[in-house]
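For reference, the structure discussed in these notes is given below.
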Amino acid sequence: MAGRAPGWGTAALLALACAGLSVVGSAPLILVPLAVLLIGAPPVRPRHVVLGLVLGVLALQGEVRHGLWIGGRGWALLVAAWFLVTVLALPRAAFLDRGLAALAAAAASAAVLLRITPEVWGAIDWTVRASLWSGASDAVAVGGARFSQSPWWPEATEMMYRLADLQALLFPALLALASLAGLAAAWFVYGRIARGEPGPLRALREFRFRDELVWLLIAGIVLIVAPLGDAALRAGANLVAFMGALYAMRGVAVVVSLVGTPGLPGALLAALAALFLYPLVMAAMFLVGLTDTWLDLRGRTPSRDPGSGETGP
């Protein structure tokens, strides 16, 4: 029995994922692609164009406060433009193929621009690191007022600053993942309001991408292991983080496909397990997703009733 098409909860979950991963603000990563789709993707209708222009103004308005504000909106415009190109050029492609192609093209375009003006990358990198450290300092100040006498507080403080350093190191991968989630949310809303599609995105159990992308993961590992310098090490770490997250998501899709969508008690239990056993759960889902590349685990087992399939591009 087929499950229902993903509902509006999908867009909400994708928006939350975008907000949680983005280091430049999530609103432009959702609203700018949605505005571009409404203006340029078929069917083009006057009311959609007007709505797209309004959303574009809302996404780009505000006082210019720092370079990261400009860079975030510039990146959103770049991703949105390339996504529109993929929508027009690949009319029969699945969302994930279009989204990944748009991210690759946007990253290549950004690399060319930053190659021409290398000082811009240094300024963006420094601004992101400063912003993350400022956020960690604020969290330490708030927590210190309440927990400063606790024996575990020094370790917690150090962990927050280490997390800020890790986010700064991996912010390109995090931004790419946030952009993909933002594109998915925009595509869902566009499909519902402009095309009237009941399911613009596939259910979570169907999440998959081209098996050839495993070579990106392998390339990232090679860049980490090979003694090619700090720039190569960072590039490799970001490639591994990005592809690792995609494979972990693929692993979740495999599990959901094989055992079915859990009810509310099962979902809460899974959330608690992921919260307290995060590294183990992520590693397990990554291995399942990577294994699916070669063994097609979902194709080997008769599918069960997947339930509602309430999320997933």
How many angstroms lie between atom CZ of Arg202 and atom CZ of Phe95, to the nearest 0.5 angstrom?
11.5 Å

Is Arg298 reaching over with its side chain to a backbone N or O of Arg205, donor-acceptor style, under 3.5 angstrom?
yes

The test is side-chain contact (heavy atoms from CB on, under 4.5 Å); show your working for Val54 and Leu58 and say whether it passes.
CA-CA 6 Å; Val54 171; Leu58 289 175; 4.2 Å; yes

Does any N or O in the side chain of Ser257 come within less than 3.5 Å of the main-chain N or O of Ala253, such that one atom is a donor and the other an acceptor?
no

Flag yes if more than 12 heavy atoms outside Glu119 fall under 6.0 Å of its CD atom; otherwise flag no.
yes

So, for Ile30 and Pro33, which heavy atoms are closest and what is the spacing to 0.1 Å?
O-CD, 3.4 Å

With a 4.5 Å cut-off on side-chain heavy atoms, are Leu180 and Leu246 touching?
yes

Looking only at heavy atoms, what is the nearest atom pair of Leu100 and Phe242, with distance?
CD2-CZ, 3.9 Å

Hydrophobic cluster identity match, Val142 and Trp152, side-chain contacts under 4.5 Å
no

Does Asn238 use its side chain to pair, donor to acceptor, with the backbone of Arg234 at less than 3.5 Å?
yes

Heavy-atom count check: over 12 atoms from other residues, nucleotides or ligands less than 6.0 Å from Asp138 CG?
yes

Has the side chain of Arg250 got a donor or acceptor atom that lies under 3.5 Å from a matching backbone atom of Thr291?
no

Identify the residue among Val189, Leu38, Val36 that makes a side-chain contact (heavy atoms from CB on, under 4.5 Å) with Leu55.
Leu38

If the plane angle is over 60° it's perpendicular, under 30° parallel, otherwise tilted; pick one for Tyr247 and Phe209.
perpendicular

Hey, could you give me the CD/CG distance between Glu158 and Leu163, rounded to the nearest 0.5 Å?
12.5 Å

Report yes if the side chains of Trp294 and Asp211 come closer than 4.5 Å at any heavy-atom pair, otherwise no.
no

So, do Gln167 and Val23 sit near enough that their side-chain heavy atoms are less than 4.5 Å apart?
no

Does Ser131 use its side chain to pair, donor to acceptor, with the backbone of Thr127 at less than 3.5 Å?
no

Rounded to the nearest 0.5 Å, what separates atom CG in Leu174 from atom OG in Ser179?
10.5 Å

Greater than 12 external heavy atoms within 6.0 Å of Trp215's CH2
no

Close side-chain approach of Trp75 to Val24, heavy-atom, < 4.5 Å:
no

How many angstroms lie between atom CD1 of Ile221 and atom CG of Leu216, to the nearest 0.5 angstrom?
11.5 Å

Please report the closest heavy-atom contact between Leu177 and Ala245, naming both atoms and the distance.
CD1-CB, 3.6 Å

Side-chain contact, heavy-atom cut-off 4.5 Å: Asp97 with Leu90?
no

Start with the C-alpha distance between Val240 and Leu223, add both sets of side-chain angles, then the distance that settles side-chain contact (heavy atoms from CB on, under 4.5 Å), and finish with yes or no.
CA-CA 10 Å; Val240 169; Leu223 289 174; over 6 Å; no

Please work out whether the ring planes of Phe188 and Trp8 are parallel, tilted or perpendicular, with thresholds of 30° and 60°.
perpendicular

Same cluster for Leu16 and Trp187 if Ile/Leu/Val/Met/Phe/Trp/Tyr side chains link at under 4.5 Å?
no

Could you tell me if the side chain of Leu14 sits less than 4.5 Å from the side chain of Leu183, heavy atoms only?
no

Does Arg210 have more than 12 heavy atoms from other residues, nucleotides or ligands lying within 6.0 Å of its CZ?
no

Are Met159 and Leu132 connected in a single hydrophobic cluster, I mean Ile/Leu/Val/Met/Phe/Trp/Tyr linked by side-chain heavy atoms less than 4.5 Å apart?
no

Taking everything shown except Trp82 itself, do over 12 heavy atoms lie less than 6.0 Å from its CH2?
no

Could you tell me whether a side-chain N or O of Arg192 sits under 3.5 Å from a main-chain N or O of Pro198, the two making a donor and an acceptor?
yes

Please report the interatomic distance CE(Met243) to CD1(Ile218), rounded to the nearest 0.5 Å.
10.0 Å

Closest contact, heavy atoms only, Pro28 versus Ala59
CG-O, 4.3 Å

Are the side chains of Leu88 and Pro42 in contact, using a 4.5 Å heavy-atom criterion?
yes

Which is it for Phe207 and Val252 under the side-chain contact (heavy atoms from CB on, under 4.5 Å) test, yes or no, and what are the steps along the way?
CA-CA 9 Å; Phe207 182 93; Val252 172; over 6 Å; no

Where is the tightest heavy-atom contact between Tyr190 and Leu37, given as atom of each residue plus distance?
CE1-O, 3.7 Å

Treat each ILVMFWY residue as a node, draw an edge where side-chain heavy atoms are under 4.5 Å apart, and state whether Leu77 and Ile39 are in one component.
no

Examine Leu34 and Val85 and state if one hydrophobic cluster contains both, with Ile, Leu, Val, Met, Phe, Trp and Tyr joined whenever side-chain heavy atoms are less than 4.5 Å apart.
yes

Are the side chains of Val222 and Leu228 in touch, meaning some heavy atoms are under 4.5 Å apart?
no

For Ala76 and Val32 the tightest heavy-atom approach is O-CG1, 3.7 Å

Walk me through it: do Leu204 and Met249 pass the test side-chain contact (heavy atoms from CB on, under 4.5 Å)?
CA-CA 9 Å; Leu204 172 60; Met249 192 70 179; 3.5 Å; yes

